[in-house]
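Structure, as structure tokens:
Since the structure is predicted, the reported quantities are computational estimates derived from the model, not experimental observations. In the text below, chain A, chain B and the rest are named by the order of the sequence lines, each starting its count at 1.
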Amino acid sequence: MTVQTEIQNETPSKLSVQHVSKRFRSGGRVVHALADVSLEVGEGEFICLVGPSGCGKSTLLNIIAGLETADEGRVFTGGAPITHPGRDRMVMFQESALFPWLDVLDNVLFGLALKPGLSKAERVEVAQFYLKLVGLEKFARSYIHELSGGMKQRVALARALAPNPRVLLMDEPFAALDALTREQLYGDLQRIWQEHRKTIVFVTHNVREAACLGDRVALFSPHPGRITAQFRVGLPRPRDLNSVELARHATEITAALKGTTVPAEEFAI
Amino acid sequence: MNRTLRAALFFVVAIAAWELLFRAGIWSPVLVPSPLTVGRYLGEALIDGTLWDATLVTMRRLLLGYLFGIALGLPLGLFTARYRLLGDTLGLVALGLQTLPSVCWVPLALLWFGQTESAMFFVVVMGTLWSMIIATDNGVRNVPPIYARAARTMGSSGVHIWVKVMLPASLPFIVSGMKQGWAFAWRSLMAAEIYVTILSGFGLGNLLHYGRELNAMEQVIGIMLVIIVIGLLADKILFSPWERFLHRRWGTAR
Ligand SMILES: Nc1ncnc2c1ncn2[C@@H]1O[C@H](COP(=O)(O)OP(=O)(O)OP(=O)(O)O)[C@@H](O)[C@H]1O
Ligand SMILES: [Mg+2]
């Protein structure tokens, strides 16, 4: 395998969530985190999951990642049932899960090192390619604590992209960042997604963020967690977070969200 | 002012003050010898080789037992963190034995092994082992679960996850455990050497003991100084590089 074929686009895969239920028992209490959730995500589609805290978004993402198992129902990627974590589905977490004992480059190399068929030099080349893609090629030898929050999430994105997954699972990856940094990352993420087609499942609290990024937005409601509505966002890309069109979509989604649940303050509009 | 210079100046002043106190003649010179007498003893002991030999004997005992204790404690700590059964049993034993001052192992070691090197080895291992097990166990339990989750999504599992994630992630705890183990081992070895004579080698503790027997205060103080210097050097040479590494990577610099 060469570096060129390695970084060529892997065909994104279809995701199929079928009647998934999940309960957690903690301290004698049973939490019904997901109740009969079904969701189809097309190849290369960008879907956003929006909903109030505790409605099971992360749980669903973890089940798709293979980090948790569903009590009932099944999840398929590209036709195969998911039983374990796999490099075809990479995850980006809300808090930075980067390893402080490794520098930036070695963090990106971590997943690549486990991929067979590449020499050390080729791996480094691949890692540097993705660092460049997120604009951090100059920071390859920096330590994690030396980076800003936005830079950390860029490294996390590069690390998730490096093994060339077919599906990218993102759990509120930008929630802890300031508005300006976030907007930059929306732009970069859209650019990268258009160049390197992946199926993306993106979890967020932020309706506007969802409308800006997603081809489709799925609304969740809690107790028990289920999908209550779905919206298609057909705006051309790259999208501007501050456009009137986008605001109109966001308002529509927010209205639906308020209808189903919760106080409005929870959502940035 | 340069920090080294400042420290050097401090010691010069301290020794001068000591000499002045000695000259003032308040205390008997047998109880408070002049720094010059102590220096002369150290010089002679260095030249005739006793000091060097004793240091070698002590350091060999210490390093042998210490390295063995670490090599054993590290994997055991990983196991007690990994397997509940071991955590509930061996982990509890380690916790209990760690509260036992390691000097308390000396009588038992002497009864078991007699006045032999094995007794010394045993005492040093006991000083190191339990701290190491507890620190490693604690370190692993304090690793943010998200590290292991992230590693699993990248295809890591089993031994790979332990070696490449759990172990380095618990390094801050492990290093402080190594440091504590060193301190315990060092103290208990000194106690053991003062307490018992082993014919196969005179350590620093033995020299200290004989200094007392001979009423040679300059020897007692001289050896104490050597022991202090070794402790300082160990800290600087053995642990400072690790701590600098941790500070640089984790960004916990003072
Ligand atoms: N490991 C667990 N043990 C017990 N309960 C859990 C566990 N994980 C999640 N839950 C519960 O399941 C429900 C859904 O959790 P989940 O983390 O999926 O919500 P979420 O939609 O991601 O929320 P947020 O937006 O705050 O991240 C919550 O009520 C939570 O308390
Ligand atoms: Mg969540």
Just wondering, are more than 12 heavy atoms of other shown residues or ligands nearer than 6.0 Å to [atom1] in [X]?
| X | atom1 | answer |
| --- | --- | --- |
| B:W162 | CH2 | yes |
| B:F79 | CZ | no |
| A:Y143 | OH | yes |
| A:E40 | CD | yes |
| A:R141 | CZ | yes |
| A:R74 | CZ | no |

Taking non-hydrogen atoms and a cut-off under 4.5 angstrom, which of residues 167-191 of chain B neighbour chain A?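 The list, in residue order, reads B:P168, B:A169.
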
Would you call A:H145 and B:H247 a side-chain contact if the rule is heavy atoms closer than 4.5 Å?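 They are not in contact (no side-chain heavy atoms under 4.5 Å apart), so the answer is no.
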
With a 4.5 angstrom heavy-atom cut-off, is it the side chain or the backbone of A:L114 that approaches chain B, or both, or neither?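 For A:L114, the side chain is the part near chain B, not the backbone.
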
Please classify the contact of A:L102 with chain B as side chain, backbone, both or neither, using a heavy-atom distance under 4.5 Å.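 The backbone, not the side chain.
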
What heavy-atom pair brings A:D103 and B:R249 nearest, and what distance separates the two atoms?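 The answer is N-NH1, 4.4 Å.
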
For the residue pair B:K164 and A:F110, what are the closest heavy atoms and their distance?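 B:K164 and A:F110 have their closest heavy atoms at CB-CE1, 4.0 Å.
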
Applying a heavy-atom distance below 4.5 Å, give me the residues of residues 75-101 of chain A that approach chain B, sorted by number.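 The stretch touches chain B at A:P85, A:G86, A:R87, A:R89, A:M90, A:V91, A:F93, A:E95, A:A97, A:L98, A:F99, A:P100, A:W101.
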
Which residues from residues 146-170 of chain A are near chain B, with near meaning under 4.5 Å between non-hydrogen atoms?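 A:R159 fall under the 4.5 Å cut-off.
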
Tell me, for B:S157 versus chain A, whether the close heavy atoms (under 4.5 Å) come from the side chain, the backbone, both or neither.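 Neither the backbone nor the side chain of B:S157 comes within 4.5 Å of chain A.
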
Which residue pairs pass the side-chain hydrogen bond (donor to acceptor under 3.5 Å, both in side chains) test with at least one member in residues 137-146 of chain B, sequence neighbours excluded?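 Non-adjacent pairs meeting side-chain hydrogen bond (donor to acceptor under 3.5 Å, both in side chains): B:T80-B:D137, B:D137-B:R141, B:N138-B:N142.
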
